[in-house]
Amino acid sequence: MNNYNIFIIDNLPPEDVAMLQALYSRDPRSVTTHLQKVKQAGPGKFMEKFYVGYGHKSIGDCGTTTLFIEGVSMLAAKAIQDWPLYNGQESSTRYLDFSKMSIFDPIGTEESKNIHNALMDIYNKSVEQAIEDLKNKYPIKDNENPKVYEKAINARAFDICRGFLPAGMTTMVAWHTNLRQAADHIKTMRHHPLKEVRDISIKILTSLQQQYPNSFGHKIYDVEEQYIKNTQEKIAYQKPFNINTDFEYDNYLRENYLLEYKEILQNRPQYSELPHQIRNAGDIIFRFLLDFGSYRDLQRQRSMVSIMPLLTTKFGFNSWYLQNFNNDYKNIITKELKQIEQMIYNLDVSDVVK
């Protein structure tokens, strides 16, 4: 029988936990002994010396923190979530009425305000119309709970009408991350094409420096900053591509690997995830058109690379949102959306801001 112990320690600050784990690499004694050392010495100098000073990044992976970022635009939320190891949540446009939320306006002109007002006018009256149409289409049944029915109808109406929300609509984002990932992601965010994202990154970094001064004192190198700035200008957004059909893909799978995994693939039962090691069989690149609301859902999946496309009106408005309304109302808002599209086009600002 193996003589081993298991301890669960969840009641310490992130820097304490990071130091506690790092001590295993320097001292093979039990964590119970190391706990005393952390309490006596404190993690401050340790993190400053070994994590920040010596650049032992793996130590930063050992301490986690959670940021709650409120009142940022949906576009800024996507930038925060645009990280392979992002963990967190965001306010759901499917289940919440966003009519009372504020809108972030990067321009602040009368023209931009009119665009936001026009979109919110469509959103508000469309929610009312959608609820009415859904109740006519799916009347409550005798055995249904009225409260549950109202919730379901409202959720469906919000799901349909979220397509009318401006990208500047503000939202709430939670980001649970380790100290290293926070520092690394902030480093790229502060050179993002959107000024809002750059400003948010500075506020996040300042807050983390106040909370964990010994873990966020990394030296800034001008040459690296310039390199990140140049790369972010080129890769922050997906480059436009031509698509000849509704759906295209390129297959970069290695057949010899697939043959090796044939039995594992064929015998996978429903609901079971494939082992992560199978990813070394290769990649598939998919290309297809997608509305912003659906992209927001897709982007949170961490098992793929999904570069943010530049949000434009180039491909029109997704028909799914419109087909949920009766024809008369659909014709009305289609005309209004065309007018708003022209208003956006007339703005004398960059495509990123538009």
Side-chain angles (χ1 to χ4, degrees), residues 14-15 18 22 43-88 104-108 167-168 173-240 299 302 305-311 349-354:
E15 291 179 315
K45 292 296 181 183
F46 181 89
M47 295 298 286
E48 186 178 19
K49 180 179 180 180
F50 291 101
Y51 170 50
V52 175
Y54 288 176
H56 292 178
K57 281 193 168 188
S58 61
I59 298 175
D61 288 333
C62 297
T64 62
T65 186
T66 307
L67 299 98
F68 296 86
I69 305 158
E70 302 179 349
V72 297
S73 75
M74 291 180 179
L75 284 178
K78 290 302 103 185
I80 294 167
Q81 295 166 342
D82 187 18
W83 193 247
L85 297 180
Y86 170 80
N87 296 300
F104 177 81
D105 187 342
I107 309 173
V173 185
W175 179 21
H176 182 73
T177 182
N178 63 51
L179 304 180
R180 170 187 176 176
Q181 300 301 325
D184 286 350
H185 188 24
I186 291 168
K187 191 186 291 187
T188 61
M189 283 176 58
R190 64 171 173 250
H191 295 290
H192 193 277
L194 279 179
K195 184 179 183 299
E196 182 195 8
V197 176
R198 299 196 298 270
D199 292 343
I200 291 169
S201 72
I202 294 170
K203 287 186 178 180
I204 291 175
L205 180 58
T206 301
S207 299
L208 288 169
Q209 286 173 334
Q210 291 171 351
Q211 188 78 6
Y212 308 112
N214 299 296
S215 296
F216 287 89
H218 301 82
K219 187 174 181 180
I220 294 177
Y221 299 95
D222 291 341
V223 64
E224 182 187 25
E225 292 294 299
Q226 188 60 48
Y227 174 75
I228 296 172
K229 182 178 184 296
N230 293 341
T231 56
Q232 283 300 299
E233 290 172 355
K234 293 179 171 64
I235 64 174
Y237 290 106
Q238 173 74 56
K239 289 288 182 284
Q299 188 243 19
R302 295 293 148 226
V305 175
S306 179
I307 302 173
M308 176 72 185
L310 187 63
L311 187 59
V349 292
S350 70
D351 289 341
V352 171
V353 175
K354 285 182 182 180

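When reading the values below, keep in mind they use all heavy atoms of this one structure, side chains included, and skip hydrogens, waters and symmetry mates.
Side-chain contact between Met74 and Leu311 is absent, with no heavy-atom pair separated by less than 4.5 Å. Looking at heavy atoms from C-beta onward, Leu179 lies in side-chain contact with Glu15 at the 4.5 angstrom threshold. Counting heavy atoms from C-beta on, the side chains of Thr188 and Trp83 come closer than 4.5 Å. Annotation: side chain of Gln211 is not in contact with side chain of Thr65 (no heavy-atom distance under 4.5 Å). Residues Val353 and Ile107 have side chains in contact (heavy-atom distance under 4.5 Å, counting atoms from C-beta outward). With a 4.5 Å cut-off on side-chain heavy atoms, Asn87 and Thr177 do not count as touching. Side-chain contact between Val52 and Asn214: absent, with no pair of heavy atoms (C-beta onward) separated by less than 4.5 Å.
Using a 30° and 60° split on the angle between ring planes, Phe46 and Phe50 fall in the tilted class, from 30° to 60°. Note on ring orientation: taking the six-membered ring where Trp is involved, the planes of Tyr237 and His192 are perpendicular (angle over 60°, cut-offs 30° and 60°).
Between Trp175 and Ala182 the shortest heavy-atom distance is CH2-CA, 3.8 Å. In terms of heavy atoms, Val72 sits closest to Ala77 at CG2-N, 4.4 Å. Summarising the geometry of Ala18 relative to Ile59, their closest heavy-atom pair is CB-O, 3.5 Å, with the distance given to 0.1 Å. Nearest heavy atoms, Tyr51 versus Ala183: OH-CB, 4.3 Å. Looking at every heavy atom in both residues, Asp82 comes nearest to Ser306 through OD1-O, 4.2 Å. The shortest non-hydrogen separation linking Ser201 to Ile186 is O-CG2, 3.7 Å.
The structure places CE of Met308 at 7.5 Å from CG of Leu310, a figure rounded to the nearest 0.5 Å. The structure places CG of Leu67 at 12.0 Å from CD1 of Ile200, a figure rounded to the nearest 0.5 Å. Remark: Lys187 NZ to His218 NE2 distance equals 7.5 Å, nearest 0.5 Å. Here the straight-line distance linking atom CZ of Arg180 with atom NE2 of His56 works out to 12.0 Å at 0.5 Å rounding. Of the inter-residue distances, the one linking Asp199 atom CG with Ile204 atom CD1 reads 11.0 Å to the nearest 0.5 angstrom. Rounded to the nearest 0.5 Å, atoms CE (Met189) and CG (Leu205) are 10.5 Å apart.
Annotation for Lys219: atom NZ does not count as buried by contact number, only 12 or fewer foreign heavy atoms lying within 6.0 Å.
A salt bridge is absent between Glu225 and Lys229; no separation between the charged side-chain nitrogens and carboxylate oxygens falls under 4.0 Å.
A side-chain donor-acceptor contact under 3.5 Å links Gln299 to the backbone of Lys78. At least one donor-acceptor pair under 3.5 Å links the side chain of Arg198 to the backbone N or O of Pro193. A side-chain donor-acceptor contact under 3.5 Å links His185 to the backbone of Ile80.
For the residue pair Gln226 and Asn230, a side-chain donor N or O sits within less than 3.5 Å of a side-chain acceptor on the partner. A side-chain donor from one of Ser73 and Glu196 sits under 3.5 Å from a side-chain acceptor of the other.
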